[in-house]
Colleague: 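I have a structure here, written as structure tokens, and I will follow up with some questions on it.
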Amino acid sequence: STPKPSSAASDVYKRQAQYLAAAGVGRLGLVDYDVVEMSNLARQVLHGEALAGQAKAFSAAASLRRLNSAVECVPYTQALTPATALDLVRRYDVVADCSDNVPTRYLVNDACVLAGRPLVSASALRFEGQITVYHYDGGPCYRCIFSQPPPAETVTNCADGGMLRVLTGVLGCLQALKVLKIAASLGPSYSGSLLLFDALRGHFCCIRLRSCSCLLYTSDAADEGLGV
């Protein structure tokens with residue numbers, strides 16, 4: 001079975017980051033070039049009304065430091081680009097993708113494959129969410145599943161499709177769980193499979209993903225460039 005690409009997930013990392021900080025992860029890098037808006041607060045629980053207008057990465061880092069001052073929180077307020085992605089990914093052991101657009105998903109995936117880092121990917125749209133682990137334990141990467149970016153007009157974003165606000169919290173908790181399990185080498189992950197969550201029906205189901213098959217696994221991948 002082949003899942004549909006989803007682009008809405010930028011709110012997931014707020015809940016995920018809270019649990020990773022609470023668990024005592026030594027160093028958290030937070031990449032977000034946006035600023036806090038009042039309309040964000042219903043789903044982005046790291047921020048508050050007093051922080052409207054502040055860079056989200058700085059606001060999130062400050063909230064996480066209050067939660068656990070022993071955790072090093074590193075905010076990055078610039079947009080991720082092909083020129084910066086690989087160097088940034090190499091600074092961390094596990095990468096969690098919470099981006100809300102398809103080009104960034106390809107960029108993060110490519111950087112993780114070239115840097116040899118596992119990628120925990122989650123997304124949410126309307127009443128549904130999905131999570132998997134790419135490029136880990138012999139499993140496929142994002143390009144193995146979606147070899148070519150879909151036409152922009154076929155991908156529904158959160159602004160057009162809407163989203164149940166609490167859904168990002170559910171996906172964020174699951175994503176934090178997967179990051180912690182990988183960091184601690186605890187049991188199996190969702191590598192090679194995709195967990196789907198239907199919030200309306202309260203159902204979880206898991207589907208198998210196709211095996212590794214993309215050009216990023218060839219020896220000359222580093223010469224191909226990053227992103228779409």
Side-chain angles (χ1 to χ4, degrees), residues 8-80 84-85 87-100 104 108 111-112 115-124 129 131-136 163 165-191 195 197:
S10 62
D11 304 327
V12 174
Y13 91 79
K14 281 77 176 182
R15 180 64 69 185
Q16 176 215 137
Q18 283 183 309
Y19 280 98
L20 293 178
V25 169
R27 188 167 181 256
L28 284 173
L30 308 169
V31 183
D32 197 330
Y33 66 89
D34 205 357
V35 298
V36 178
E37 299 178 7
M38 295 296 288
S39 60
N40 301 148
L41 303 183
R43 61 190 187 277
Q44 298 179 3
V45 295
L46 278 180
H47 311 304
E49 293 181 355
L51 297 173
Q54 186 176 111
K56 287 183 178 179
F58 286 130
S59 171
S63 296
L64 296 173
R65 292 188 191 106
R66 288 193 294 270
L67 178 64
N68 188 346
S69 60
V71 174
E72 180 185 4
C73 298
V74 185
Y76 300 92
T77 58
Q78 72 274 24
L80 199 67
T84 62
D87 175 67
L88 185 58
V89 164
R90 283 173 171 158
R91 301 179 191 181
Y92 296 89
D93 298 317
V94 184
V95 176
D97 178 17
C98 313
S99 58
D100 61 358
T104 300
V108 174
C112 285
R117 300 293 189 269
L119 172 60
V120 183
S121 177
S123 63
I131 181 171
T132 189
V133 181
Y134 291 119
H135 188 242
Y136 179 68
M163 179 176 56
R165 303 311 190 197
V166 71
L167 182 59
T168 58
V170 175
L171 271 293
C173 291
L174 289 171
Q175 198 171 24
L177 172 63
K178 289 299 151 186
V179 171
L180 291 172
K181 288 181 65 177
I182 292 172
S185 300
L186 293 176
S189 70
Y190 287 127
S191 177
L195 181 69
F197 175 53

Colleague: Would you confirm whether S59, through its side chain, and Q54, through its main-chain N or O, come within 3.5 Å as a donor-acceptor pair?
Modeller: no
Colleague: Can you give me the closest heavy-atom contact between A57 and P75, atom names plus distance?
Modeller: O-CB, 3.6 Å
Colleague: Would you name the heavy atoms of C73 and R65 that are closest together and state the gap between them?
Modeller: O-NH2, 2.9 Å
Colleague: Please give me the minimum heavy-atom distance between H135 and G116, naming the atom from each residue.
Modeller: CE1-CA, 3.6 Å
Colleague: For Q16 and C98, which heavy atoms make the closest approach, and how far apart are they?
Modeller: NE2-SG, 3.3 Å
Colleague: Any salt bridge (Lys or Arg N to Asp or Glu O under 4.0 Å) involving residues 168-187? Give me the pairs, sequence neighbours left out, ordered by first then second residue.
Modeller: none
Colleague: Roughly how far apart are E72 CD and L28 CG, rounded to 0.5 Å?
Modeller: 9.5 Å
Colleague: Out of curiosity, D97 CG to T132 OG1, how far, rounded to the nearest 0.5 Å?
Modeller: 11.5 Å
Colleague: To check you understand the geometry: which heavy-atom pair defines the closest contact between Y92 and L88, and what is its length?
Modeller: CD1-O, 3.4 Å
Colleague: Look only at the side chain of Q175 and the backbone of I131, and say whether a donor-acceptor pair between them is shorter than 3.5 Å.
Modeller: no
Colleague: List the steps and the verdict of side chain to side chain contact (heavy atoms under 4.5 Å, CB included) for L180 and Y19.
Modeller: CA-CA 9 Å; L180 291 172; Y19 280 98; 5.8 Å; no
Colleague: Measure across S99 and T104 and return the closest heavy-atom pair with its distance rounded to 0.1 Å.
Modeller: CB-CG2, 3.5 Å
Colleague: Please round to the nearest 0.5 Å and tell me the distance separating atom CG of D32 and atom CG of L80.
Modeller: 11.5 Å
Colleague: Drop me the distance from L20's CG to N68's CG, to the nearest 0.5 angstrom.
Modeller: 11.0 Å
Colleague: When you look at L64 and L30, which way does the side chain to side chain contact (heavy atoms under 4.5 Å, CB included) test go after all the steps?
Modeller: CA-CA 11 Å; L64 296 173; L30 308 169; 3.8 Å; yes
Colleague: Considering residues at least two apart in sequence or located in another chain, which fulfil the ring-ring contact (aromatic ring centres under 6.0 Å, His included) criterion with Y190?
Modeller: none
